[in-house]
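Everything below concerns the one structure shown next.
All values reported here derive from a predicted model rather than from experimental measurement. Every heavy atom of this structure was used, including side-chain atoms; hydrogens, water molecules and symmetry mates were not. Naming: A, B, ... by sequence-line order, numbering from 1 per chain.
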Number of protein chains: 2
Amino acid sequence: MKKQITLQDIADSLQTTRATVSRALSNHPSISQEMKDKVAAAAKKMGYRNNRIATSLRSGKSYVIGVLIPSANISFFGSIVHGIDKIARDHGYSLLLIQTEESEEKERKGIETLLALKVDGILASLTKETKDDLHFHHALEEGTPVVLFDRVGNNEDIPCVVNNDFQGAMEATAHLIEQGYRNIFHIGGPQHLPIFQKRYQGYKAALSEAKIRFQEEWFIEGNVSIESGENAVSEWLKNDLMPDAIFAVEDYTALGAINALKAANIKIPEQVGIIGFANELFGKYITPSLSTMDQQTELMGKQAMQLLLDILQDKTNATRFEQKNIVVKPVYRASTNN
Amino acid sequence: MKKQITLQDIADSLQTTRATVSRALSNHPSISQEMKDKVAAAAKKMGYRNNRIATSLRSGKSYVIGVLIPSANISFFGSIVHGIDKIARDHGYSLLLIQTEESEEKERKGIETLLALKVDGILASLTKETKDDLHFHHALEEGTPVVLFDRVGNNEDIPCVVNNDFQGAMEATAHLIEQGYRNIFHIGGPQHLPIFQKRYQGYKAALSEAKIRFQEEWFIEGNVSIESGENAVSEWLKNDLMPDAIFAVEDYTALGAINALKAANIKIPEQVGIIGFANELFGKYITPSLSTMDQQTELMGKQAMQLLLDILQDKTNATRFEQKNIVVKPVYRASTNN
DNA sequence: CTGTTAGCGCCTTCAG
DNA sequence: CTGAAGGCGCTAACAG
């Protein structure tokens, strides 16, 4: 195990001082080219490597961004992280990843960890259960900018990047109507989260535009999971409610619904059409293949990181609010091919 | 933006010194309970938060682990990260994520970044093109332990966690034999990668054990993709070679094979049985559902992190070598139900 | 153009 | 049981 080479070591070898070496390495204008060359050569020869911990402590900048997601196991979030990283890396930032596992408590602790680690900024998607976003304001108060994406809560003051959920839900529902379906049910997500609320509203707007009268029993508030889809369908069947199409709030819910319909020997898309939301990878390969709304996850990650960068650079206005909307793109497949 | 509260601030408010406050907060035995209580109260009241950057600089431990993966976008790796995090979090470690995007150059730079950030350890899966693992030895020389997982290269000296591919492939093939299939073909992966080589060998071993004579035309080297599976099957059909079962090197290849078989109106599993490898999510939902070998990705992540922890704790022997094998578990579904 | 000096916030000997 | 003092490695005034 080699001893770490410091600025002092280079300075000693060149009979100069740490300050000069530091400036030379960061290409400071007031250092002679000759000295810069000498320093660069010595640094390389001695195997010098900047200790970013020390730099951070001194400069107050860590060049690390904290990323909070429910789970790395969900391809939607994996894809977003992928997008975030592409932009972050280009600007010299590294990512610290924290999984909240849909627990508000872990989310809170995650923020604490990130603040203790002095990250330069935070990108986050709320958990399903997050009602209270005080901990994010906590970060803002300490001067750590936050950008939310996808699940953004009800904040009017935290910058965020979201899909155009209302629009997307409306399109999805309209597509079902175009395909000739009329009794279109909706399995929603937790209504305290705006994204799920907006999808519900978009769904109702599409019905109303087509003069289809929405009925209360057509809606069940699920919790964004396979089981949620299964339960909703069995609930309806038990009560002799027969949809001829289902708009599921996202793909896993749609998958659950498909399972339940198949188990009840109901033909998709002939008897019941079904469309999801997210464009998860599996949708393309299941039988029947799943119609869905593509959320352009990688783009969302890129935009979120870009927005954070803008805020980090815009020193005069670190607390500004901005919302970016990403258009959701339809992907129609077999499950709605009536 | 609040000023950061430091140990000094707490010390001032209690008319004591930083040293005492520091010790009180870390529950040092030689501090009176009374003082500890006072310090704790003041810290809480003032909103003190440990600055981990400073602690790291001073102590030489960062409690951050660097994770290098090809892409967060691939569910296999997302799942591994998920497993890593579960163990890491329980031990107070955070994860720094770096994507290599299958580029050896990015892998090399990633290691540099992690070393500059003074991570306590590195977990990595090699890129497809990595031939030269000098950069990992670089890390080891500086005293930063490394544990590889899944794609581990040919190292004899870096600790690693891998699936038991030979064993898994053998079981998969044996299962086909038990189901009564005899002409069992194999669509493989790039043979320069050890994991795919081992699966090929396991397949042949199972045949030989059952006294089935392997024939050269039964094997096609694919490239781990849906197209690869489609192409292999059409190739065989074109040459009037009819397998009665196929062992595909992984699930996407199996999926391609299924597509091609369906297109040729061949019944699965009646005419041709098929088994994959990986247990990707979609396998459960396609028709027929896909038999496969479960790689237990989350477990792999957990084991890798656990191994790293062991090494970090075992100070006397930081450069030891160890290899953990994870058993691949069969998941038999409709595609092989003869 | 380069050197001196003074910390960033924390921990840890060494002395009381 | 607590205080004093030094330093982790780096950067950024302020002086030459």
Among dT2(D), dA6(C), dG3(D), the nucleotide that comes nearest once only the side chain of Arg58(A) is considered: dA6(C)
I want to confirm an ordering. Mapping Met35(B) and Asn50(A) to their closest nucleotides on DNA chain D, which one lands closer to the 5' end? Met35(B)
Short side-chain to backbone donor-acceptor contact, Asp120(B) and Tyr63(B), under 3.5 Å: yes
With the side chain defined as heavy atoms from C-beta on, Arg18(A) is closest, among dT11(D), dG6(D), dA4(D), to dT11(D)
In this structure, which one of Glu104(B), Lys109(B), Glu107(B) forms a side chain to side chain donor-acceptor pair (under 3.5 Å) with His135(B)? Glu107(B)
Return the nearest nucleotide to the side chain of Arg23(A); candidates are dC10(C), dA13(D), dA5(D). dA13(D)
Separation of Ile31(A) atom CD1 from dT11(D) atom C1', in whole Å? 13 Å
Side-chain contact test, heavy atoms from C-beta onward, threshold under 4.5 Å: evaluate it for Val67(B) versus Ile98(B) and give yes or no. no
dC8(D) C1' sits how many Å from Lys61(B) NZ, rounded? 16 Å
Whole-Å distance between dG9(D) P and Leu117(B) CG? 16 Å
Nearest to the Asn51(A) side chain among dC1(D), dC10(C), dG9(D), which nucleotide is it? dG9(D)
How many Å lie between CG on Leu7(A) and P on dT2(C), as a whole number? 16 Å
Among dG9(C), dT2(C), dC10(D), which nucleotide sits nearest the side chain of Leu57(B)? dG9(C)
Atom-to-atom span, CD of Gln8(A) to P of dG7(D) - whole angstrom: 12 Å
Checking contacts here: which listed nucleotide (dA6(C), dT2(C), dG3(D)) is nearest the side-chain heavy atoms of Thr16(B)? dG3(D)
Glu34(A), CD: over 12 other non-hydrogen atoms inside 6.0 angstrom: no
Interatomic distance where OH belongs to Tyr48(B) and C1' belongs to dC10(C) [whole Å]: 7 Å
Is the distance from OP1 or OP2 of dC10(D) to the nearest side-chain N or O of Thr55(A) less than 4.0 Å? no
Rounded to the Å, how far apart are Ile53(B) CD1 and dC8(C) P? 16 Å
Establish, with yes or no, whether the OP1 or OP2 oxygen of dT2(C) is under 4.0 angstrom from a side-chain nitrogen or oxygen of Ser32(A). yes
In whole angstrom, what separates Arg52(B)'s CZ from dC8(D)'s C1'? 17 Å
Side chains of Thr127(A) and Thr130(A): do they bring a donor and an acceptor to under 3.5 Å? yes
Closest-nucleotide mapping onto DNA chain D: is Thr20(A) or Gln15(B) further toward the 5' terminus? I mean the 5' end. Gln15(B)
With a 4.0 Å limit, can you tell me whether Thr6(B) has a side-chain N or O closer than that to the phosphate oxygens OP1/OP2 of dG9(C)? no
Of the candidate nucleotides dG9(D), dG3(D), dG9(C), which contains the atom at the shortest distance from the side chain of Ala54(B)? dG9(C)
